[in-house]
2 protein chains.
Amino acid sequence: MLAEIHEKLNTFLKGKGLRSTPQRNAIIDIIFESDDHFTADELWERIRKTNSKASRATVYRTLGLLVEANLLYEIDLGEDTKTYDPNFNDKPAHNHLICIDCGKVLEFEDNHLELLNDCLTRRMGFRPKSQSIRIEANCEELRTKGCCQNLIQARIAGKRLPKKR
Amino acid sequence: MLAEIHEKLNTFLKGKGLRSTPQRNAIIDIIFESDDHFTADELWERIRKTNSKASRATVYRTLGLLVEANLLYEIDLGEDTKTYDPNFNDKPAHNHLICIDCGKVLEFEDNHLELLNDCLTRRMGFRPKSQSIRIEANCEELRTKGCCQNLIQARIAGKRLPKKR
DNA sequence: CTACCTGCAAATAGTTTGCAGAATA
DNA sequence: TATTCTGCAAACTATTTGCAGGTAG
């Protein structure tokens, strides 16, 4: 998996006359060791905890490259910071459900949804390129049971919770 | 229409012990004289061209209030600036089609889409609160005819075009 | 050796905030 | 009169960029 990604990036770099460097490789390893979403700053923090090192500037520059190479997808979670999504399958759809209670993000897919969007787009006179759906919702578990695992976990991890709306 | 909005805001303000001021009223008048999307800065520019006046700080502060009062909706168009959408009907769905060629934004609605999203959300164990769909697409007119009215208009108006991807 | 890459610090863009004086209820 | 508002400028946050020295090919 990781080897595949390194190869894909190397092909991309070569095609552009760019180089493979220890920093770039370290950044990729850390990003793709999990498939979680992350922000530039979170990534930088994770890197500085390893024995590899890369400056903030390099992190930002590399993120730009990865997005350009389609190895990473930039998503909007309604915060003021960009969030990145490791994007393994070149899917044209990026659908997210965001829990208003705990900030948990779920990705989902549905063929009907994609087909319907596709039709609507064509009816409006356009050729669909990519689609992303963002659903904000309340946790049913929290509502019925009064507590929710995600929320508890988030509090333990000290994550900032969604600002109340 | 405008009167209705002013009333809605006044109710909101009273409920919070806040005040009605000339700046706030001027900002509302300018926002709701059209139903176009806008950024904070565009709004500020439009205001300074009138005989009313309000500082950038006040514009930002008022935008915050309007969003809180549900008279305005904050949308993400993939740019680095927040965009606001006058939101007349308290619709829970905010769906946008963005033309990659000219940056034109179309709003659309579809009951099937909303229903489908609603079902998917519940199946995942959540109660839907709001949904927004963002479709990026190419202009069919541009592709087949080699030019597109929106693009021409955008160039004339000197708008910044979408960065190529 | 040459062009690209990195790290630093300074620059930028968009937005927020503290404060003193002005205005509303 | 007691708060709340406003405008200004300074602060802030996330991100980008210029530059001098380091490194891959």
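Numbers restart at 1 for each chain; the letters A, B, ... are given by sequence-line order, proteins then strands. Atom set for the values below is all heavy atoms of this structure, side chains included, hydrogens, waters and symmetry mates excluded.
- Between the Asp101(A) side chain and the Cys139(A) main chain, a donor and an acceptor come within less than 3.5 Å of each other.
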Measure all distances between protein nitrogen or oxygen atoms and nitrogen or oxygen atoms of nucleotides 22-25 of chain C, and list the pairs falling under 3.5 Å.
from: dT24(C); atom 1: O2; to: Arg19(B); atom 2: NH1; distance (Å): 2.7
from: dT24(C); atom 1: O2; to: Arg19(B); atom 2: NH2; distance (Å): 3.3

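- Using a 4.0 Å cut-off, no side-chain N or O of Gln23(A) falls inside it from OP1 or OP2 of dT23(D).
- Using modelled atom types, one finds a donor on one side chain and an acceptor on the other under 3.5 Å when comparing Asn25(A) with Ser20(A).
- Applying the ring-ring contact (aromatic ring centres under 6.0 Å, His included) criterion to His112(B), with sequence neighbours excluded, gives no partner residue.
- In this entry the distance linking NZ of Lys82(A) with P of dA14(D) reads 12 Å, nearest Å.
- The heavy-atom pair separating Phe32(B) from Pro86(B) by the smallest distance is CE2-CB, 3.8 Å.
- Comparing Ala40(A) and Leu13(B), the nucleotide of DNA chain D nearest to each residue sits closer to the 5' end for Leu13(B).
- Spacing between atom CD of Glu42(A) and atom P of dT15(D) amounts to 11 Å, rounded to whole angstrom units.
- Look at CH2 on Trp44(B): it is 12 Å from C1' on dG7(D), rounded to the nearest Å.
- A salt bridge links Arg46(B) and Glu33(B); the closest N-O separation between the charged side-chain nitrogens and carboxylate oxygens is under 4.0 Å.
- Between Arg24(A) atom CZ and dG22(D) atom P the separation is 19 Å, expressed in whole Å.
- In terms of the ring-ring contact (aromatic ring centres under 6.0 Å, His included) criterion, His6(A) has no residue partners (sequence neighbours excluded).
- Closest approach of Ile30(A) and Thr50(A) over heavy atoms only: CD1-CG2, 3.7 Å.
- Arg48(A) has its CZ atom 14 Å from the C1' atom of dG7(C), to the nearest Å.
- Among the atoms of the strands shown, only primed sugar atoms or phosphate atoms (P, OP1, OP2) are found under 4.0 Å from some heavy atom of Lys53(B).
- Scanning both residues, Ala137(A) and Phe126(B), for their nearest heavy atoms gives CB-CB, 3.6 Å.
- Ile47(B) places its CD1 atom 11 Å from the P atom of dT6(D), with the value rounded to the nearest Å.
- Residue pairs meeting the side-chain hydrogen bond (donor to acceptor under 3.5 Å, both in side chains) criterion with at least one partner in residues 9-18 of chain A, sequence neighbours excluded, are Lys16(A)-Glu68(A).
- We find that CD of Glu74(A) is positioned 11 Å from C1' of dT15(D), with the value rounded to whole Å.
- Side-chain contact check for Gln131(A) and His94(A): no donor-acceptor pair (N or O, by modelled atom type) lies under 3.5 Å.
- To the nearest angstrom, P of dA24(D) lies 16 Å from NZ of Lys14(A).
- A heavy-atom distance below 4.0 Å to DNA chain D is reached by these residues of residues 55-68 of chain A, ordered by number: Ala57(A), Tyr60(A), Arg61(A).
- The end-to-end axis angle of the helix from dC1(C)-dG25(D) to dA25(C)-dT1(D), rounded to 10 degrees and based on five pairs per end, is 30°.
- In this model, no donor atom of one side chain and acceptor atom of the other lie less than 3.5 Å apart for Thr81(B) and Asp41(B).
- Remark on DNA chain C: of its neighbouring residues Asp41(B) and Gly17(A), the 5'-side contact belongs to Gly17(A), judged by nearest-heavy-atom nucleotide.
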Stepwise salt bridge (charged side-chain N to carboxylate O under 4.0 Å, His left out) test for Lys129(A) and Glu136(B): CA-CA 5 Å; Lys129(A) 186 103 178 183; Glu136(B) 290 188 359; over 6 Å; no
